[in-house]
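Notes for the one structure printed next.
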Amino acid sequence: MISAVLPTYNRAPLAFVKGEGSWLTAEDGNRYLDLGAGIAVNALGHAHPDLVKTLTEQAQKLWHVSNVYKIPEQETLAQMLTDRTFADTVFFTNSGTEAAELAIKMARKYWYEKGQPERTEIIAFEGAFHGRSTGAIAAAGSEKMVKGFGPLMPGFTHLKWGDHDALRAAITEKTAAVIIEPIQGEGGIRIVPDQCLKGLRDLCDSTGTLLILDEVQCGMGRTGRLFAHEWAGITPDIMMVAKGIGGGFPLGAVLATESAASGMIAGTHGSTYGGNPLACAVGATVLSIVSEPAFLDQVSRTASALRQGLEGLVASHPTVFEAVRGLGLMLGLKCKLPNTDVVKAGYDEKVLTVAAADNVLRLLPALNLTETDVAEALRRLDAAATALEQA
Ligand SMILES: *Cc1c(COP(=O)(O)O)cnc(C)c1O
């Protein structure tokens, strides 16, 4: 018999009742060190006092009003985002997938309004993940996500990872945009080198193609900069954000330049829930914390301590791990054993990690992970690896 919850997840037999910082308490009272943070969502850990305060204060005042009215909390957060980024304008969604939908629509509308309606094609990359709507799965194009869900939205081309010549050849007079994650998350923590992002920006500039960056997973301070593309010294035309932006409250956003957004006039797009007062109040508190230079420096310091420890872990468990990859607190351990076995061994040691493609174990901890948490993470991962070696 089918479960009451649609069984689209292979769930671990764990349920949590309480969280505090990087720690989760399970139903049986056991405490787990959370290095997954709800897949990079709980950017400030669980039950951060400032977020709890903002959420409860706003909850007493106003949760939801329609976007047919002005929403001051939304205007505040949009202003904060445009002040801190390349963007001139922001649309709020409830998820990364919805951000992908708008990014695709915005790019196509841009060319339509420019009098080049034939420029509809979007170039994406193998191993990408942009969400689960029909548009977002067409963009990612991986067999696992699209099989059985056809016919897919047309107009997407998928290129091999790192094939610069193929990219140059693929951009034609029909190309509207290129969509790429600066660091692939689900794809296995694969970094697009700064040089390649620069080259891609140049290529887009010389052909007029819009550059859409998907920073749903790698953005919001995770790499030690507010957004990952800042390391390469480039800016996109359109950017998708979600996951960490609400610190655990559902929130997403599309950020864009005035030019890229120029086709999106009144009536062309909307959302019932997107940008509601509750989500935006929480988002503003998250952003005010994670965009502080001192906070971002601390992310980098914590990240180097964790990374150094992980390098040691790889060296001392060569039959379990192969290498460390990633940037900041978006880290991956390429595994020799099946990554799902390592995740399970972690459960036994009460440490939570997340599997990704390419046999990678992902570590996406809260950005305010403490020094003690880092030491404890390394100790527990070491114990998990030792248990696997002895099995
Ligand atoms: C998670 C993710 C999405 C989809 O976000 P949802 O909130 O799950 O819809 C899109 N792109 C990237 C890079 C992601 O990691």
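Atoms within each ligand, like the ligands themselves, are counted from 1 in listed order.
- Taking a cutoff of 4.0 Å between a charged side-chain nitrogen and a carboxylate oxygen, Asp358 and Lys334 qualify as a salt bridge.
- Between Phe156 and His158, the ring planes lie parallel to each other; the angle is under 30°, not in the 30° to 60° tilted range.
- Between Gly309 and Leu378, the shortest heavy-atom contact is C-CD2, 3.5 Å.
- At a threshold of 4.0 Å, the pair Arg225-Glu215 does not count as salt-bridged, since none of the basic side-chain nitrogens sits closer than that to a carboxylate oxygen.
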Close N/O pairs between ligand 1 and protein, under 3.5 Å:
| from | atom 1 | to | atom 2 | distance (Å) |
| --- | --- | --- | --- | --- |
| ligand 1 | 5 (O) | Gly96 | N | 3.4 |
| ligand 1 | 7 (O) | Gly96 | N | 2.8 |
| ligand 1 | 9 (O) | Gly96 | N | 3.4 |
| ligand 1 | 9 (O) | Thr97 | N | 2.8 |
| ligand 1 | 9 (O) | Thr97 | OG1 | 2.5 |
| ligand 1 | 11 (N) | Phe129 | O | 3.2 |
| ligand 1 | 11 (N) | Asp214 | OD1 | 3.4 |
| ligand 1 | 11 (N) | Asp214 | OD2 | 2.7 |
| ligand 1 | 15 (O) | Gln217 | NE2 | 2.7 |
| ligand 1 | 15 (O) | Lys243 | NZ | 2.6 |

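- Relative to the six-membered ring of Phe86, Arg201 misses at least one condition, a distance below 6.0 Å or an angle of at most 45° to the axis.
- Between Glu57 and Lys61 there is no salt bridge, since none of the side-chain N atoms of the basic residue sits less than 4.0 Å from a carboxylate O of the acidic one.
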